Amino acid sequence: MNIIRNILAAALCCAVLLGCGCSGAPSAVNSSIYETTAYFDESHVASAFEIPDSVNKSASPHLTYLGCREIEGSPALEMYAKSVNVDAASLITIEHISDDAYEARLSELISSDLSPDLTDKRENSFPLLMSRNMYEDLTSYMDISAPQWDSFREYVDHYTFKGSRYFYPTSITVSPQLLAYDKMTFVQYNIPDPEKLWKNGEWTWESLDECTKLFRAAFDTVNDIYGADIADNVFATMDNSPVRRDETGKLSNNCLNGALFAELEDFFAHFSCNQENQNISAITDSSAVFMSADESIIGKLRQAEINVGIVPYPECSEIGKYTVKAVSDGFLVPKGAKNITGAASFINSSRLADAGEDGRKFREKQMRKLGLLRSDAEWIEFIRESDKMEPLIVDGQCLDSEANAAISELLTALDSMYYGGYALQNDLSVIDRDLERINAVI
């Protein structure tokens, strides 16, 4: 099954949209980007909320929530209210909390037997907070065979922890993982068009290097790719992330010490990258050949009247696929929650709302706000719907603040490194030490 095709709506939603991310589309795309697949009709909605008979059902549908989202008035809450036939305004008690106070507050509520029913998935939820027994196992409360989970089974399985399922993602984001460029500049200086190369199956690291050399010759520049998160995207493209988690939750420094990184090190030693990701001047001033871009960046380039070209990072030659960095979003049920059944139904509602008409309307509105042309959105769809695209879940670093800081420092340094001006071994030793420390408590 083509996972990207089945999660089209979610795949086109950039990280900006989750914060609660070429002119002339190919002829193969003949439908609107906003015409999402209708997974469910009204008869499916009722069965989607059925809970196994072995589970004790809550007498009240009321929920409590701890997090930072705007839950009131959300499509998820409205759909949950419909499923239990109760007015949405009276269904949930909300406590908003800042990121830095979240973990301490959740721990306080759990220890006081005042656990909320719902909370947000955070970067360090897996495996760190999971190993601290802070969430409820939802396996017996959720029907994985329900239609809304059909295309998400792989993602649910990804978050299995010691044989149990704690997290059922409600949406998946596969942004940025794109390179944007000025098509007119490429035409003016007779540089091969990467979009055409991609459609012809000729978009490789070698062809990117050739485009870069021609661009340098025209502009005498060395800022070949510009933007934040380039190192993270390159690792994902190579079917890797800096830290991997096995089925027991143990962490390993997956690629920084291996043969693959030796190959990537040469790439980073010749590409100068800048962290000012929101500044599009590198493209508008022709000081960079490509910009690492999500939908918001592409919209800004459009508003600057740039004829934008869009391609993915080149494929990993070892697996013959374009691996796309994917980030999941959704809710968890804290340990000791009093209404796990209702929380499970709300999570179902959130997934249904994201995949249904309300989610489609929301994304359409946000795409217009970002300034994208419909042809841009259709071309992004065409790229991400390709049979050669494979998602790779990369949820931040998923560790504690100290370990995350070490990983972030390494990735930032790689994004900024030029001609070997950075010593890797210091950060590598810090990361290895932090992973060993965290594995000891998982």
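We use all heavy atoms of the structure for the numbers below, so side chains are in, but hydrogens, waters and symmetry mates are not. Everything quoted here is computed from the prediction, not taken from an experiment.
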More than 12 non-hydrogen atoms from neighbouring residues, nucleotides or ligands closer than 6.0 Å to CG on Asn190, yes or no? no

Given the rule in the side-chain contact (heavy atoms from CB on, under 4.5 Å) test, do Asp157 and Arg165 qualify, once you have shown the distances and angles that lead to the verdict? CA-CA 7 Å; Asp157 288 346; Arg165 294 189 177 111; 3.2 Å; yes

Validation row: Ile380, Leu372 side chains within 4.5 angstrom (heavy atoms): yes

Pairwise side-chain contact, Tyr181 with Cys211, heavy-atom cut-off 4.5 Å (strictly under): no

Heavy atoms only: give me the nearest Glu195-Val308 pair and the separation to one decimal. OE2-O, 4.2 Å

Supply the atom-to-atom distance Leu91 CG to Glu78 CD, rounded to the nearest 0.5 angstrom. 9.0 Å

Taking Trp203 for its side chain and Val311 for its backbone only, find out whether a donor-acceptor pair lies under 3.5 Å. no

Indicate yes or no for a side-chain donor-acceptor contact from Thr170 to the backbone of Asp329 under 3.5 Å, with no hydrogens or angles considered. yes

side-chain contact (heavy atoms from CB on, under 4.5 Å) assessment of Leu197 paired with Leu208: CA-CA 10 Å; Leu197 293 173; Leu208 181 149; over 6 Å; no

Please find the pair of heavy atoms, one from Ile283 and one from Ala180, that lie closest to each other, and give the distance. CD1-O, 4.0 Å

Enter the distance from Met291:CE to Ile280:CD1 here, rounded to the nearest 0.5 Å. 7.0 Å

CD (Glu72) with more than 12 external heavy atoms under 6.0 Å: no

For the atom pair CD1 (Ile97) and CG (Asp120), what is the distance rounded to the nearest 0.5 Å? 11.0 Å

Flag side-chain contact, heavy atom, 4.5 Å: Phe167 against Met130: no

Got a sec: does the CD of Glu436 have more than 12 other heavy atoms crowding it under 6.0 Å? no

Inter-residue atom distance Ile310.CD1 - Leu179.CG, 0.5 Å rounding: 10.5 Å

Strictly distance-based, threshold 3.5 Å: is any side-chain N or O of Asp117 a donor or acceptor partner for the main-chain N or O of Ala337? no

Considering all heavy atoms, the nearest Met79-Ser349 contact: SD-O, 3.7 Å

Donor-acceptor check, side chain of Ser350 to backbone of Ile347, threshold 3.5 angstrom: yes or no? no

Strictly by modelled atom types, are Thr119 and Tyr102 linked by a side-chain donor-acceptor pair under 3.5 Å? yes

Least distance between heavy atoms, Glu136 atom then Pro334 atom: CG-O, 3.3 Å

Between Asp376 (side chain) and Gly299 (backbone), is there a donor-acceptor pair under 3.5 Å? no

With rounding to the nearest 0.5 Å, note down the distance linking CG in Leu214 to CZ in Arg216. 11.0 Å

Any non-hydrogen side-chain atom of Asn279 less than 4.5 Å from a side-chain atom of Tyr226? yes

Nearest 0.5 Å, what's the OG1-NZ distance between Thr284 and Lys300? 12.0 Å

Could you check whether any side-chain heavy atom of Leu106 comes within less than 4.5 Å of a side-chain heavy atom of Pro116, counting everything from C-beta outward? yes

Locate the shortest heavy-atom distance separating Ala343 from Leu63; write the atom from each residue and the value. N-CD2, 3.5 Å

Using the six-membered ring wherever Trp is involved, compare the ring planes of Phe346 and Tyr80 and label them parallel, tilted or perpendicular (cut-offs 30° and 60°). perpendicular

Measuring only between side-chain heavy atoms, which start at C-beta, is Phe290 closer than 4.5 Å to Pro194? yes

Please evaluate residues Ser286 and Phe219 with respect to the criterion side-chain contact (heavy atoms from CB on, under 4.5 Å), reporting the C-alpha separation (whole Å), side-chain torsions for both, the decisive distance (0.1 Å), and the verdict. CA-CA 7 Å; Ser286 298; Phe219 291 99; 3.5 Å; yes

Are side-chain heavy atoms of Leu178 and Ile298 found at a separation under 4.5 Å? yes

Is there a salt bridge (charged side-chain N to carboxylate O under 4.0 Å, His left out) between Glu103 and Arg122 once you walk through the steps? CA-CA 10 Å; Glu103 189 174 340; Arg122 304 290 175 117; over 6 Å; no

If you define the side chain from C-beta out and look only at heavy atoms, does anything of Leu332 sit under 4.5 Å from Phe126? yes

Grab the two heavy atoms, one from Met142 and one from Ala344, that are nearest each other, plus how far apart they are. SD-CB, 3.4 Å

Test salt bridge (charged side-chain N to carboxylate O under 4.0 Å, His left out) on Glu108 and Arg105; report intermediate values, then the result. CA-CA 5 Å; Glu108 176 189 1; Arg105 178 58 175 160; 3.1 Å; yes

Where do Asp224 and Phe215 land on the side-chain contact (heavy atoms from CB on, under 4.5 Å) test, with the steps shown first? CA-CA 8 Å; Asp224 302 311; Phe215 192 92; 5.7 Å; no

Describe, in one word, how the ring planes of Trp149 and Tyr168 are oriented to each other, choosing from parallel (under 30°), tilted (30 to 60°) and perpendicular (over 60°). perpendicular

When you measure from the side chain of His96 to the backbone of Arg69, do you find a donor-acceptor pair of N or O atoms at a distance under 3.5 Å? yes

Does the ring centre of Tyr135 sit less than 6.0 Å away from the ring centre of Phe161? no

Is it the case that the side chain of Asp209 and the backbone of Thr212 share a donor-acceptor pair, with hydrogens and angles ignored and the cut-off at 3.5 Å? no

